[in-house]
Amino acid sequence: MLDATLADPHTLVGRTYRLRDHYEVGREQVREFARAVQNDHPAHLHEDVAAGYGCATLPTPPTFAALLGGRVQAALGQLLTDCDLTSTVQTEQTFDFHRPILVGDRLTSHIGLLSRRKAFGGDLMVVGNEVTDAHGGAVLTATTGLVARADGGPDERFAAIGENVLHHGLLDAEPPAFDEVEAVSPVHPAPRPVTGGRDLAAVAVGDRLPSRVYRLTLGDLVRYAGVAGDPNPIHWHPASAEAVGMGPGVLAHGMLTMSLGAGYLTAWTGDPTALRRYRVRLSTPVRVLPGTVGEIEFGGRVSEIDTANRTATIALTATHDGRRVFGGATATVALA
């Protein structure tokens, strides 16, 4: 085990850090997350339904690992002492799913800075998170693109508002402990066949997925912020969004938008564990104005089929107020 305290923020690329404490997945937590992301598949709520899909306990919705993001960012904040991570903007997210996350799993994050460069007045970074289970097996690989400010932090008006709206204890929370370790190469499980999902023979390149509209109220954003542990007030406090130049109204979390898309995809496949890879470039935020409802319309097209691996690649679209929410989005799903 290496000494993480000696790390220079300019030499972090390529180094790996393991969070000492694990994250244990709870039954009611899975149910709450599913409701918060409007994923209504009964396998996320009922054990008897989950068993029909080969799961011993409730499987989480695909983007549940977003709940690990706060601890990862807090750990990075201790390493990246030369830039401000409190106002980062997420630009891209990729999830590679090695197996479903289940109730009772004890997850450990192994994080690393994959790349970093200066551009557009900030730091463009790519952060990796290799998530393993209690036995050291691979569960999920997450790759996140971020833009962080390098000018010393948020402006005074935003800071003053934050003191009055952020929940008590947030700024005094104990940061997670971690250690520098050698590069992690966990054992990947064999590809898991889906049960009860859409059949390979019924899918062809060019097929279009039926569109679906999701509605987001301010209450939906507040709920997701609480369940996901994302305290950033630009998502639920209009004055905070205005103070940093993102008003009027508030902006939906990028991960909430991605979560809606993931649920849309697994609903089409019929199997809640069918997602194998999910990659999104975020471009236009979803805005919710006071007294209104933000709407996102999802659609998709089958762009490729891999008969040997029984998978299909979906080109996903999402639009809000006539604008594309995603600069690009693709997903690989397993077929029966």
Side-chain angles (χ1 to χ4, degrees), residues 32-40 61-67 69-70 73 86-95 142 144-147 158 161 165 209-268 275 278-301 314-331:
E32 281 300 310
F33 186 82
R35 295 184 181 107
V37 299
Q38 302 184 33
N39 189 322
D40 54 9
T63 57
F64 182 86
L67 273 63
Q73 182 167 322
T86 63
S87 56
T88 56
V89 176
Q90 184 179 8
T91 59
E92 189 169 332
Q93 180 69 56
T94 301
F95 288 121
T144 307
L146 301 170
V147 177
F158 181 77
I161 291 174
V165 301
L209 282 60
S211 65
R212 177 174 175 178
V213 174
Y214 290 83
R215 305 172 76 248
L216 291 174
T217 65
L218 180 59
D220 290 324
L221 304 191
V222 171
R223 184 182 196 180
Y224 179 80
V227 172
D230 186 337
N232 193 331
I234 68 169
H235 301 303
W236 44 267
H237 190 254
S240 295
E242 183 181 0
V244 292
M246 295 184 178
V250 293
L251 305 180
H253 310 71
M255 280 308 311
L256 173 55
T257 305
M258 278 192 64
S259 296
L260 298 177
Y264 167 76
L265 291 164
T266 55
W268 177 77
L275 207 52
Y278 187 32
R279 181 178 184 181
V280 171
R281 292 200 316 273
L282 299 164
S283 58
T284 303
V286 174
R287 189 177 303 277
V288 179
L289 298 172
T292 69
V293 175
E295 293 189 344
I296 312 171
E297 182 176 4
F298 286 92
R301 181 180 62 84
I314 310 297
L316 181 68
T317 61
T319 55
H320 166 68
D321 282 348
R323 297 183 177 181
R324 295 170 57 188
V325 178
F326 300 152
T330 58

Note: Ser240 and Val165 closest approach over all heavy atoms is OG-CG2, 4.2 Å
Starting at OG1 of Thr319, measure out to CD of Glu297 and round the result to the nearest 0.5 Å.
5.0 Å
With sequence neighbours excluded, residues passing side chain to side chain donor-acceptor pair (under 3.5 Å) with Thr217
Asp220
Any residue meeting ring pair (Phe, Tyr, Trp, His ring centres under 6.0 Å) with Phe298, in chain and number order, not counting sequence neighbours
Tyr214, Tyr264
Side chain to side chain donor-acceptor pair (under 3.5 Å) with Asp230: which residues, sequence neighbours excluded?
none
Looking only at atom types and distance, does a side-chain atom of Asn232 sit under 3.5 Å from a main-chain N or O of Ile234, one as donor and one as acceptor?
yes
Mind checking side chain to side chain donor-acceptor pair (under 3.5 Å) for Ser259 and listing every partner two or more places apart, or none if nothing turns up?
Thr63
Rounded to the nearest 0.5 Å, the CG atom of Leu265 sits from the CG atom of Leu260 at a distance of 11.0 Å
With sequence neighbours excluded, residues passing ring pair (Phe, Tyr, Trp, His ring centres under 6.0 Å) with His253
Tyr224, His235
Can you name the side chain to side chain contact (heavy atoms under 4.5 Å, CB included) partners of Arg281, sequence neighbours left out?
Glu92
Shortest non-hydrogen pair, Pro231 vs Trp236, comes out as O-CZ2, 3.6 Å
Heavy-atom nearest pair, Ile296 first then Ala318, reads CG2-CB, 4.0 Å
Pairwise side-chain contact, His320 with Pro285, heavy-atom cut-off 4.5 Å (strictly under):
no
Between Phe33 and Pro61, the two heavy atoms sitting closest are CD2-CG, 3.8 Å
Which residues satisfy the side chain to side chain contact (heavy atoms under 4.5 Å, CB included) test with Ala329, sequence neighbours excluded?
Val280, Leu316, Phe326
Within this structure, what is the CG-CZ distance for the pair Leu251 and Arg287, rounded to the nearest 0.5 Å?
5.0 Å
Contacts of Thr266 meeting side chain to side chain contact (heavy atoms under 4.5 Å, CB included) (sequence neighbours excluded), chain-then-number -> Asn39, Pro62, Thr269, Leu275
So how far is it from Leu209 CG to Thr317 OG1, rounded to the nearest 0.5 Å?
9.0 Å
Partner residues of Arg215 under the salt bridge (charged side-chain N to carboxylate O under 4.0 Å, His left out) criterion, sequence neighbours left out
Glu295
Across all chains, not counting sequence neighbours, the side chain to side chain contact (heavy atoms under 4.5 Å, CB included) partners of Gln90 are Gln93, Thr144, Leu146, Met255, Leu282
For Ala241 versus Val250, what's the shortest heavy-atom pair and its separation?
CB-CA, 4.5 Å
Tell me, please, which residues at least two apart from Thr284 pass side chain to side chain donor-acceptor pair (under 3.5 Å).
none
Those residues that, when tested against Glu32, pass salt bridge (charged side-chain N to carboxylate O under 4.0 Å, His left out) (two or more places apart):
Arg35, Arg223
Do Leu256 and Val286 come close enough that some side-chain heavy atom pair is under 4.5 Å?
no
